[in-house]
Asker: 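Pasting a structure below so you can have a look.
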Amino acid sequence: MIHHLTCIVCPNGCALTYDDKLDEVKGNKCPRGESFAKEEILAPKRNLTALVKTIYSNQPVVSVRLSNKILKKDIFQAMKIIDEIIIDHPMKLGDIIIKDFLNYQDVNLILTKDVKGE
Amino acid sequence: MIKNTYDVVIIGGGPAGLSAASAARKYFKDILIIERKEALGGILLQCIHDGFGLTRYKEELTGPEYAFKEIAKLKEDIDVALNANVYYLKSLENDDIEIKFYDMEGVHHLITHKLILANGCRERSNKEIAILGTNPAGVYSAGEAQYLINILGKLPGRRCLILGSGDIGLIMARRLTLEGAKVIGVYEIKNTPSGLERNIVQCLKDYDIPLHLSMSVSKVHGRKKLEAVSVVKVDENMKMIASSEEKIACDTLIISSGLIPMADMTKKLNVLKSPLTKGPIISQNYETNVPNVFVSGNALHVHNLVDDVSYTGERAAYFASLNLKERKYIDVSFDKNITYVVPQRIDINNLEDKIDIAFRVKKELEDVTLKIKIDDVIIFQRKFIKLLPPEMVLLNVKMTKKVFDKLHLEVEENKKV
Ligand SMILES: Cc1cc2nc3c(=O)[nH]c(=O)nc-3n(C[C@H](O)[C@H](O)[C@H](O)COP(=O)(O)OP(=O)(O)OC[C@H]3O[C@@H](n4cnc5c(N)ncnc54)[C@H](O)[C@@H]3O)c2cc1C
Ligand code: SF4
């Protein structure tokens, strides 16, 4: 079967075709498009950025991200976990809030801003 | 302490202003950034999604992470005024610029030799798009909704409808869904989406949010609070087809209506504006018609990529460092496939070996060649498999001739063999 997809790795958004019989990708301007197409058909993954609450009124929420992609189907479960976190002390951009998030070995939940405190 | 004179003053502490300041440090001693808000970083601080910095840092950063990297580059001897409001700007006879602003410490009055405007853009206000009906709470611009959720931690509503398919609207559709709201759909009056295809995929398709093209909102309903909106199909001339009107219950309408460069600072200086970009008219040296006043980033014209914004800041700082001779301009012309070109004119007396040229096309084009001609001779050409209106192209072009009367851009379809 031939799959038509848009590469979302960079803003170029190349229109890709993937022939699963020949295992062949076309339309990609760079090699990242090829691995994207194969992964997208097998088990699509996404980055996730979100917000967690803090106890500080001058910064009610702080932005966070996962350090690596997770399976698309796990996104809402990830959001549930993130929703329950409350940060109660000053922290720095890059600090890890949860290690091995959702039992992914290579995925941490990290801050993308400082929590300055009051 | 704010000094009485500066080599260069930068208005705006977003990515354009930050990169301008860091680059200016190579050429100037006394540098001041004037920022209206309480922190440096600009719009990036509320753009918590990733996708920033792929060209500049070779990694996919979130907005705040990108801003942090740029702020970390600032040398300590650069003065920064926060919570600062510029209320007076004047170009003096000797081409210095007089500035008055106030901050928490009081009023400051200073003279600068060079000025770089990096004050970004604003969203077209809801008033600029005519929608009939009441004026209830629950109608937000995409940027307002973004600020509400990402900075204040508040969800604007539970059942949302988004008007306009620009990138901010698409990104907000995903954010709202992730935060637990229902996004009924994104409605776009044009027959093609305004945002990048990649955002259509990862913000809408991933979450099964429908995109309705050639549709718009005709009415809002609800006295105090928004209760519903009417949506309607439009024909090829974007005229509403009344018989197609349909009422949809919702508590939030988010209008993602596009961005336009800030004009408050340029107005004070009588800077000439381009009707096409709504930003100032500049030469290839990023200089406006007012000598020693330069512009960069979204204050110049709206960029898609922050990486390009940072680049223009550096370039503006570089050109500000030159001692430009008396300016002499020729206009840049372009063909019907092109929406606009920046710079709008060439300062022929102050021409370097290479110039930056940015342009956008009017409609989706496939298999085309861009040609840049000087006096009808091609000096640059590049093939594009595809060009889309939402994607700005930024080129650095070598000038093979230094004296000429005409610079022209055209985008031609390649002949099929
Ligand atoms: C919602 C959204 C999503 C985006 N997504 C992406 C993306 O995924 N990838 C990407 O690469 N780019 C993205 N961009 C684009 C990128 O963020 C912008 O192009 C970039 O931030 C513009 O930088 P700037 O410095 O020109 O303007 P801004 O970031 O707006 O900074 C302007 C600064 O000037 C200050 N200012 C304004 N007026 C005055 C005044 N009168 N006096 C003093 N200071 C003033 C403002 O407070 C602000 O700090 C996005 C933009 C938006 C709005
Ligand atoms: S194939 Fe390469 S160039 Fe094309 S969108 Fe994907 S990452 Fe970008």
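Quick note on labels: first sequence line is chain A, next is B, and so on, each numbered from 1.
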Asker: So which part of A/Leu48 gets closer than 4.5 Å to some heavy atom of chain B, the side chain, the backbone, both or neither?
Answerer: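 Side chain only.
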Asker: Quick check on A/Ala50 against chain B: is it the side chain, the backbone, both or neither that has a heavy atom closer than 4.5 Å?
Answerer: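 When you check distances to chain B, atoms from both the backbone and side chain of A/Ala50 fall under 4.5 Å.
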Asker: Give me the atom names and distance for the closest heavy-atom approach of B/Ala173 to B/Leu204.
Answerer: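 B/Ala173 and B/Leu204 have their closest heavy atoms at CB-CD2, 3.8 Å.
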Asker: Shortest non-hydrogen contact from A/Cys7 to A/Leu16?
Answerer: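 Nearest heavy atoms, A/Cys7 then A/Leu16: CB-CD1, 3.6 Å.
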Asker: At a heavy-atom distance under 4.5 Å, which candidate from A/Cys14, A/Pro44, A/Pro60 has the highest pair count against chain B?
Answerer: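 Ranked by contacts with chain B, first place is A/Pro60.
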Asker: At a 4.5 Å cut-off on heavy atoms, which part of A/Ile75 comes close to chain B: side chain, backbone, both, or neither?
Answerer: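 Contact with chain B involves the side chain of A/Ile75 alone.
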Asker: List, with distances to 0.1 Å, the donor-acceptor pairs found between chain A and chain B - the cut-off being under 3.5 Å and no angle criterion applied.
Answerer:
{"from": "A/Ile8", "atom 1": "O", "to": "B/Arg198", "atom 2": "NE", "distance (Å)": "3.1"}
{"from": "A/Ile8", "atom 1": "O", "to": "B/Arg198", "atom 2": "NH2", "distance (Å)": "3.2"}
{"from": "A/Val9", "atom 1": "O", "to": "B/Arg198", "atom 2": "NH2", "distance (Å)": "3.3"}
{"from": "A/Cys10", "atom 1": "O", "to": "B/Arg198", "atom 2": "NE", "distance (Å)": "3.4"}
{"from": "A/Arg46", "atom 1": "NE", "to": "B/Asp206", "atom 2": "OD2", "distance (Å)": "2.4"}
{"from": "A/Arg46", "atom 1": "NH2", "to": "B/Asp206", "atom 2": "OD1", "distance (Å)": "2.9"}
{"from": "A/Arg46", "atom 1": "NH2", "to": "B/Asp206", "atom 2": "OD2", "distance (Å)": "3.3"}
{"from": "A/Asn47", "atom 1": "ND2", "to": "B/Asp50", "atom 2": "OD2", "distance (Å)": "3.1"}
{"from": "A/Thr49", "atom 1": "O", "to": "B/Arg175", "atom 2": "NH1", "distance (Å)": "3.2"}
{"from": "A/Thr49", "atom 1": "O", "to": "B/Arg175", "atom 2": "NH2", "distance (Å)": "2.8"}
{"from": "A/Thr49", "atom 1": "OG1", "to": "B/Ile48", "atom 2": "O", "distance (Å)": "3.4"}
{"from": "A/Arg65", "atom 1": "NH1", "to": "B/Glu60", "atom 2": "O", "distance (Å)": "3.3"}
{"from": "A/Arg65", "atom 1": "NH1", "to": "B/Glu65", "atom 2": "OE1", "distance (Å)": "2.7"}
{"from": "A/Arg65", "atom 1": "NH1", "to": "B/Glu65", "atom 2": "OE2", "distance (Å)": "3.4"}
{"from": "A/Arg65", "atom 1": "NH2", "to": "B/Glu60", "atom 2": "O", "distance (Å)": "3.2"}
{"from": "A/Lys72", "atom 1": "NZ", "to": "B/Asp206", "atom 2": "OD1", "distance (Å)": "3.1"}
{"from": "A/Lys113", "atom 1": "NZ", "to": "B/Leu45", "atom 2": "O", "distance (Å)": "2.8"}

Asker: Is it the case that atom CD1 in B/Ile385 sees more than 12 heavy atoms from other parts of the structure closer than 6.0 Å?
Answerer: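 Open: at most 12 neighbouring heavy atoms sit under 6.0 Å from CD1 of B/Ile385.
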Asker: Could you report the tightest heavy-atom contact between B/Cys203 and B/Ile209, atom names first, then the distance?
Answerer: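 Heavy atoms only, the tightest pair is O-CD1, 3.7 Å.
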Asker: Need one label for A/Val62: side chain, backbone, both or neither, based on atoms under 4.5 Å from any heavy atom in chain B.
Answerer: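 It is neither, since no heavy atom gets under 4.5 Å.
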Asker: Between A/Ile98 and A/Ile110, is any pair of side-chain heavy atoms under 4.5 Å apart?
Answerer: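 Of all side-chain heavy-atom pairs linking A/Ile110 with A/Ile98, none is under 4.5 Å.
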Asker: For chain A, find which of B/Val201, B/Leu196, B/Leu178 contributes the most heavy-atom pairs closer than 4.5 angstrom.
Answerer: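 Ranked by contacts with chain A, first place is B/Leu178.
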Asker: So B/Leu388 and B/Val361, do their side chains get closer than 4.5 Å, heavy atoms only?
Answerer: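 In short, these two side chains do not touch, never coming nearer than 4.5 Å.
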Asker: Which heavy atom of B/Leu45 sits nearest a heavy atom of B/Ile151, and at what distance?
Answerer: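 Between these two residues, the closest heavy atoms are O-CD1, 3.7 Å.
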Asker: How close do A/Pro11 and B/Leu54 get, heavy atom to heavy atom, and via which atoms?
Answerer: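 For A/Pro11 versus B/Leu54, the nearest heavy atoms are CD-CD1, 3.8 Å.
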Asker: Given heavy-atom pairs under 4.5 angstrom as the criterion, report whether the side chain, backbone, both or neither of B/Ile149 touches chain A.
Answerer: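 Backbone plus side chain of B/Ile149, per the 4.5 Å heavy-atom cut-off to chain A.
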Asker: Do you know the tightest heavy-atom contact between A/Ala37 and A/Val25?
Answerer: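 The answer is CB-CG2, 3.8 Å.
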